[in-house]
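We use all heavy atoms of the structure for the numbers below, so side chains are in, but hydrogens, waters and symmetry mates are not. As the structure is a computational prediction, the values presented were derived from the model and not from experiment. Letters A, B, ... are given to chains in the order of the sequence lines, protein chains preceding strands, and every chain is numbered from 1.
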Amino acid sequence: MIYINAFLTCGIICGIGQIILDNTKLTPGHLNSILVVIGALLSFFGIYDVLLKIAGAGASVPITNFGHILFKGAYEGFKQDGITGLLNNILSSTSGGLSTAIILAFIVAIFSKPKN
Amino acid sequence: MKLKEYQKIVNKNIKQENKIFNALISFLIGGLIGLLGQVFVTILENKFYMPLSECYMYLMILLVTISSVLTGLGIFDEIVSFCKCGLIIPTTGFAHSMTSAAMDNNEEGLIKGIGSNIFKLTGSIILYGITIAFFLALLKGVIM
């Protein structure tokens with residue numbers, strides 16, 4: 001059942017994104033920024049944790065998850081250690097994906113030549 | 001010829017993209033990535049006994065690695081132009097735009113080329129993500 005939920009959740013988010021992109025003047029950059037903000041807001045109201053439980057990786061793959069884990073890390077840090085914990089933990093759970101993306105982008109950029 | 005008439009002729013001859021087909025392809029490809037991701041997470045959880053949050057992190061790393069390497073080989077641009085949002089909205093799109101921004105300017109050198117352009121497209125995602133997460137967490141922490 002969780003496989004069907006994962007398929008539907010991720011598919012619906014991508015489908016809605018494509019409809020927005022086709023019918024407005026927004027670029028993919030705008031769309032991704034809006035989705036990150038939406039993810040943080042959903043996490044703020046406690047909806048995203050429920051979504052992760054129902055859909056599993058279907059909710060974890062889209063970029064909305066980036067906003068969710070940023071908020072979650074920041075909030076848990078604030079509960080432990082106040083403002084110090086917030087600033088220390090805000091990037092803690094995203095760090096894995098973000099560092100991999102930066103390091104690989106650098107390595108790939110050094111060894112490749114752009115097509116003209 | 002007046003500008004409006006010219007615009008009409010342009011609109012007539014422009015190739016109309018099928019919006020329903022685009023949305024359907026995005027839905028199917030996005031759903032497929034979610035489904036395969038769930039298979040990967042289930043395998044990690046049941047065979048390697050990892051906690052769930054680590055499984056999601058490794059899934060993110062896997063997607064980022066695949067899309068970065070394929071972007072470097074020049075294959076990913078063609079796949080994205082067919083799949084559209086099905087690959088832009090998952091984490092693959094994030095890695096793709098970061099890698100291609102770095103790649104496009106690598107002729108200008110390490111600092112002015114790669115260094116100052118690597119966050120050109122993804123910078124907005126990181127900026128607004130961190131800013132909104134900071135203020136929302138502060139708000140929720142103070143209220144609760």
Problem set entry | A:I107 portion near chain B, given a 4.5 angstrom heavy-atom threshold | neither

For this session: Report the option among A:I102, A:I20, A:L21 that has the most heavy-atom pairs separated by less than 4.5 Å from atoms of chain B.
Result: A:I102

Problem set entry | Portion of A:I34 that has a non-hydrogen atom of chain B nearer than 4.5 angstrom | neither

Problem set entry | Value rounded to 0.5 Å, distance of SG in A:C14 from CD1 in B:I33 | 7.0 Å

Problem set entry | A:A55 versus chain B, the contacting section by heavy-atom distance below 4.5 Å | backbone

Problem set entry | Interface moiety of A:Y3 toward chain B, non-hydrogen atoms closer than 4.5 Å | both

For this session: Pick whichever of A:A74, A:A40, A:P28, A:G56 has the most heavy-atom pairs under 4.5 Å with chain B.
Result: A:G56

Seminar exercise, completed: Ranking A:A6, A:G67, A:S99, A:G29 by heavy-atom pairs under 4.5 Å to chain B gives rank one to A:A6

Exercise. Which answer fits B:L28, side chain, backbone, both or neither, if we ask what part of it has an atom under 4.5 Å from a heavy atom of chain A?
Worked result: both

Exercise. If you measure from CD1 on B:I88 to CZ on B:F94, what distance do you get to the nearest 0.5 Å?
Worked result: 14.5 Å

For this session: Measure B:F134 against the heavy atoms of chain A and call it side chain, backbone, both or neither at under 4.5 Å.
Result: both

Seminar exercise, completed: Note: vs chain B, highest number of non-hydrogen pairs under 4.5 angstrom among A:Q18, A:H68, A:K79 is A:Q18

Exercise. Among B:G115, B:P90, B:G129, B:G72, which has the most heavy-atom pairs under 4.5 Å with chain A?
Worked result: B:P90

For this session: Using non-hydrogen atoms and a 4.5 Å limit, figure out which bit of B:M98 sits close to chain A: side chain, backbone, both or neither.
Result: both

For this session: Please check if any side-chain donor atom of A:S43 sits under 3.5 Å from a side-chain acceptor atom of A:Y75, or the reverse.
Result: no

Problem set entry | Passing candidate, side chain to side chain contact (heavy atoms under 4.5 Å, CB included) with A:F66, options A:L35, A:N32, A:V36 | A:V36

Exercise. Which bit of A:I13 is near chain B, if near means a heavy-atom gap under 4.5 Å: side chain, backbone, both or neither?
Worked result: both

Seminar exercise, completed: So, the part of B:T65 with a heavy atom under 4.5 Å from chain A: the answer is both

Seminar exercise, completed: Output for pair (A:F111 CZ, B:L73 CG), nearest 0.5 Å, gives 13.0 Å

Problem set entry | Contacting moiety of A:L8, where chain B heavy atoms sit under 4.5 Å | both

Exercise. Hey, what's the ring geometry for B:F76 with B:H96, parallel, tilted or perpendicular (30° and 60° as the breaks)?
Worked result: tilted

For this session: Check step by step if side-chain contact (heavy atoms from CB on, under 4.5 Å) holds for A:I19 and B:K19.
Result: CA-CA 7 Å; A:I19 291 169; B:K19 289 178 181 174; over 6 Å; no

Exercise. Between B:L110 and chain A, which part of the residue has a heavy atom less than 4.5 Å away: side chain, backbone, both or neither?
Worked result: side chain

Exercise. Hey, is the main chain of B:A101 close enough, under 3.5 Å, to the side chain of B:N105 for a donor-acceptor pair?
Worked result: yes

Exercise. Distance only, no hydrogens: is a donor on one side chain within 3.5 Å (strictly under) of an acceptor on the other, for B:S124 and A:S33?
Worked result: yes

Exercise. About how many Å separate CD1 of A:I12 and OG1 of A:T9, when rounded to the nearest 0.5 Å?
Worked result: 6.5 Å

Exercise. Does any heavy atom of chain B fall under 4.5 Å from the side chain of A:L41, the backbone, both, or neither of them?
Worked result: both

Seminar exercise, completed: Applying a strict 4.5 Å limit to non-hydrogen atoms, the region of A:S95 in contact with chain B is neither

Exercise. Among B:F40, B:Y128, B:Y56, which residue forms the greatest number of heavy-atom pairs with chain A at distances under 4.5 Å?
Worked result: B:Y56

Exercise. With only heavy atoms counted, which part of B:I125 is less than 4.5 Å from chain A, the side chain, the backbone, both or neither?
Worked result: both

Problem set entry | Check: A:Y48 and A:K72 side chains under 4.5 Å, non-hydrogen atoms | no

Exercise. So which of B:G93, B:C85, B:S97 has the largest heavy-atom pair count under 4.5 angstrom toward chain A?
Worked result: B:C85

Seminar exercise, completed: Scanning both residues in full, the closest heavy-atom pair of A:S60 with B:L59 reads OG-CD2, 4.1 Å

Exercise. Once you round to the nearest 0.5 Å, how far does OG1 of B:T91 lie from CG of B:L63?
Worked result: 5.5 Å

Exercise. Which bit of A:I90 comes within less than 4.5 Å of chain B, counting heavy atoms only: side chain, backbone, both or neither?
Worked result: side chain

Seminar exercise, completed: Of B:A23, B:G31, B:S68, the largest count of non-hydrogen pairs under 4.5 angstrom with chain A goes to B:G31

Exercise. In terms of heavy-atom proximity below 4.5 Å to chain B, should A:L31 be classed as side chain, backbone, both, or neither?
Worked result: side chain

Problem set entry | Sidechain-backbone polar pair: A:N65 side chain, A:V61 backbone, donor-acceptor under 3.5 Å | no

